[in-house]
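First up is the structure itself, then whatever we jot down about it.
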Amino acid sequence: MQYQSSLEFAKAQDQKDPLRTYRDRFHFPSLGTAELAYFTGHSLGLQPKSVRAAVSLELDEWAKYGVEGHFHSTNPWYSYHERLTPAMAEIVGAKDSEVVCMNSLTTNIHLLFVSFYRPTASRYKIISEAKMFPSDRYMLETQVRFHGFDPDDAIIEVPPRAGESLIREEDILAAIESNADELAMVFFGGVNYLTGQLFDMQSLTKAAHAVGAIAGFDLAHAAGNVLLSLHEWDVDFAAWCSYKYLNSSPGNVGAIFVHERHGRNFDLPRFGGWWGHDKTTRFQMKNDFQPMEGADGWQLSNAPILGMSAAKASLDVFAEVGMAALRKKSEMLTGYLEYTVGLLADEFPDAEISVITPRDPDQRGCQLSIDIAGRERQLFDDMIAAGVIADFREPCIIRVAPVPLYNSFEDVFTFGKIMRKLLPK
Ligand SMILES: *Cc1c(COP(=O)(O)O)cnc(C)c1O
């Protein structure tokens, strides 16, 4: 696509955009700035306008039915979580039986490790990416220690090569190969939160399986952002949150994927709770835990209905649009941002602007991580004050995510316009 840096061009693209009407279905924050370009869908997605009615309905039903709402409300709470499954499974490319919405992300990864990280004296190592999201790193360290191993020995981080920002797949594959006999698991973020690098999960899974290891992924920055085929890729397990690209509300319920071949394996160790127990005998309150088949069998607790109702309203939008259409627009929109940043880099050489996210659209989602080595953090504060809502990571990375569901080409143009005013300072 031939991009141009003009308001007319941006508006013409928005006119042509088949998804343009979705923008009106979201609340944009009013932060008192003259202009606003919200680019932090990578941290907290915007609120779908349909959420309020969905949550209100459950509040009304609770008022009206009390405990009877579990079975007699419009959308009975007893099976409420099942209503979220089809759309969530579609988003990650899974069968319905392989996905369930429950708990939150870090909790879920710990629970999945109970089943899938079963180290032995000789096979206990985990390969992951360097500069993981801190919560994942803490999770890994504490899991490894819990099993009596030393994180420095058991966790192998694959870093970018000296002078590079991205991790080369060949280096990950080499690490898998050279630790083949000691490797218990490959655990990666599907899209790295900091650099926006999208890993080839199919290839990593294949390599892990080839040496007898498990492959698991944290999809916090991938779900709702890139096309996923977890079932087909033969991934063992995955977990993600719903409040970033999936717009479900702050801290809302997460989701897990467990491949169907594990979902039928009742010998896998797991932590049990009544919601994971066979639902036909759940209320008999017997002592013997019999997990349900599929991902459902990893649930512990009954569903938090208010949060789930917000998540359901948001997932309905995804079910309507479909990931394929979102991804198509996403590639063009992020391409426009890349073009815009390229112009700024040329115009302001002493700002030392560069994009660290991969250039190849197949190796990234919507986010671009922009290195502004030549400018202080002050630039970022000025951006916020001027209405560009992005995210800053030490020492000098700005993460900007144009989200195809609600961002426009005009937003990206506004970004360029505001930066052009701020960068000379
Ligand atoms: C956002 C994010 C988290 C947050 O975890 P919570 O348990 O939902 O607080 C964890 N890991 C990654 C990679 C993330 O991007």
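We count residues from 1, following the sequence as given.
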Test log, rule side chain to side chain donor-acceptor pair (under 3.5 Å), inputs D153 and Y124: CA-CA 9 Å; D153 173 40; Y124 58 93; 2.8 Å; yes

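- For the residue pair W274 and Q299, no side-chain donor N or O sits within less than 3.5 Å of a side-chain acceptor on the partner.
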Candidate pair E129 and R137, rule salt bridge (charged side-chain N to carboxylate O under 4.0 Å, His left out), full reasoning: CA-CA 10 Å; E129 82 254 43; R137 175 69 206 187; over 6 Å; no

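- Residues passing the side-chain hydrogen bond (donor to acceptor under 3.5 Å, both in side chains) test with D296, sequence neighbours excluded: none.
- A 6.0 Å sphere centred on CD of E35 holds more than 12 heavy atoms belonging to other residues, nucleotides or ligands.
- Taking the centre and axis of the six-membered ring of F28, the NZ or CZ atom of R23 falls inside the cone set by 45° and 6.0 Å.
- Shown here are the ring pair (Phe, Tyr, Trp, His ring centres under 6.0 Å) partners of F71, two or more places apart in sequence or in another chain: Y78.
- Counted within 6.0 Å of CD on E170, heavy atoms from surrounding residues, nucleotides or ligands total more than 12; the atom is thus considered enclosed.
- With R364 contributing its side chain and Q197 its backbone, the two residues share no donor-acceptor pair below 3.5 Å.
- No hydrogens or angles considered: a donor-acceptor pair under 3.5 Å links the side chains of Q367 and S369.
- Residues meeting the salt bridge (Lys or Arg N to Asp or Glu O under 4.0 Å) test with D381, sequence neighbours left out: R377.
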Chi angles and distances behind the side chain to side chain contact (heavy atoms under 4.5 Å, CB included) call for L44, K244: CA-CA 5 Å; L44 183 68; K244 290 171 181 168; over 6 Å; no

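- Rounding to the nearest 0.5 Å places CG of D136 at 6.5 Å from CG of L105.
- Screening residues 85-106 for salt bridge (Lys or Arg N to Asp or Glu O under 4.0 Å) gives K95-E260 as the qualifying pairs, with residues at least two apart or on separate chains.
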Show me the donor-acceptor pairs, under 3.5 Å and distance only, between side chains in residues 205-224 and residues at least two apart or in other chains.
from	atom 1	to	atom 2	distance (Å)
T205	OG1	M201	O	2.6
H209	NE2	D236	OD2	2.7
D218	OD1	A220	N	2.8

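- Atom OG1 of T281 is separated from atom CE of M292 by 9.5 Å, given to the nearest 0.5 angstrom.
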Using residues 304-314 as the side-chain source, report each donor-acceptor pair under 3.5 Å to any protein atom, sequence neighbours left out, with the distance given to one decimal.
from	atom 1	to	atom 2	distance (Å)
S309	OG	I305	O	3.3
S309	OG	L306	O	2.6
K312	NZ	D316	OD1	2.7
K312	NZ	D316	OD2	3.3
S314	OG	L246	O	2.6
S314	OG	N247	O	3.4

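- Closest non-hydrogen pair, N407 versus L333, comes out as O-CD2, 3.8 Å.
- A donor-acceptor contact shorter than 3.5 Å links the side chain of H42 to the backbone of R399.
- Residues H81 and V100 are in side-chain contact: their nearest non-hydrogen atoms beyond the backbone lie under 4.5 Å apart.
- Residues passing the ring pair (Phe, Tyr, Trp, His ring centres under 6.0 Å) test with F392 are F380, sequence neighbours excluded.
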Working for ring pair (Phe, Tyr, Trp, His ring centres under 6.0 Å), residues F116 and H262: CA-CA 10 Å; F116 294 106; H262 299 304; 4.9 Å; yes

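- In this structure a side-chain-to-backbone donor-acceptor pair under 3.5 Å is present from H259 to H231.
- Contacts classified as side chain to side chain donor-acceptor pair (under 3.5 Å) and involving residues 317-336 (residues at least two apart or in different chains) are given here: D17-K329, Y22-E320, R25-E320, R327-E331.
- A donor-acceptor pair under 3.5 Å is absent between the side-chain atoms of R161 and the main chain of R168, judged by distance alone.
- By the 4.5 Å heavy-atom criterion applied to side chains, I167 and N192 are not counted as neighbours.
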W298 and S115: CA distance, side-chain angles, deciding distance, side chain to side chain contact (heavy atoms under 4.5 Å, CB included) verdict: CA-CA 9 Å; W298 270 264; S115 302; 2.9 Å; yes

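- For E352, there are no salt bridge (Lys or Arg N to Asp or Glu O under 4.0 Å) partners two or more places apart in sequence or in a different chain.
- A distance of 10.5 Å separates CG of L337 from CG of D411, quoted to the nearest 0.5 Å.
- The CG atom of L140 sits 8.5 Å away from the CD atom of E157 when rounded to the nearest 0.5 Å.
- Applying the side-chain hydrogen bond (donor to acceptor under 3.5 Å, both in side chains) criterion to R375, with sequence neighbours excluded, gives no partner residue.
- D391 places no side-chain N or O within donor-acceptor distance of the main-chain N or O of I398, the cut-off being under 3.5 Å.
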Verdict with supporting geometry, H147 and Y117, ring pair (Phe, Tyr, Trp, His ring centres under 6.0 Å): CA-CA 9 Å; H147 287 283; Y117 182 54; 5.2 Å; yes

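- No more than 12 heavy atoms of other residues, nucleotides or ligands shown are found within 6.0 angstrom of CZ on R52.
- Atom CZ of F146 has 12 or fewer neighbouring heavy atoms from other residues, nucleotides or ligands inside a 6.0 Å radius.
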Candidate pair H277 and Q290, rule side chain to side chain donor-acceptor pair (under 3.5 Å), full reasoning: CA-CA 5 Å; H277 182 87; Q290 281 160 359; 4.5 Å; no

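- Atom CZ of F187 is separated from atom OG of S128 by 8.5 Å, given to the nearest 0.5 angstrom.
- With rounding to the nearest 0.5 angstrom, the OG1 atom of T33 is 6.0 Å from the CD1 atom of I389.
- Evaluated for a side-chain contact (heavy atoms from CB on, under 4.5 Å) with T357, the options L368, V191, L166 yield exactly one hit, L368.
- Checking side-chain atoms of N108 against main-chain N and O of N103 turns up no donor-acceptor pair under 3.5 Å.
- Among residue pairs with one or both ends in residues 181-194, those qualifying as salt bridge (Lys or Arg N to Asp or Glu O under 4.0 Å) are K125-E182; sequence neighbours excluded.
- Scanning for salt bridge (Lys or Arg N to Asp or Glu O under 4.0 Å) contacts around D200 gives an empty result, with sequence neighbours left out.
- With hydrogens and angles left out, the side-chain atoms of E169 and S203 include a donor and acceptor closer than 3.5 Å.
- Other residues, nucleotides and ligands place more than 12 heavy atoms under 6.0 Å from the CZ atom of F266.
- When atom types are taken as modelled, the side chain of T340 and the backbone of G416 share no donor-acceptor pair closer than 3.5 angstrom.
- Ring-plane geometry between F133 and Y193 is classed as perpendicular, the angle between the planes exceeding 60 degrees on a 0 to 90 degree scale with a lower cut at 30.
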Verdict with supporting geometry, L422 and M383, side chain to side chain contact (heavy atoms under 4.5 Å, CB included): CA-CA 7 Å; L422 300 179; M383 284 167 62; 3.8 Å; yes

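- Taking the six-membered ring where tryptophan is involved, the planes of F39 and F415 are perpendicular, since the angle between them exceeds 60° and thus also 30°.
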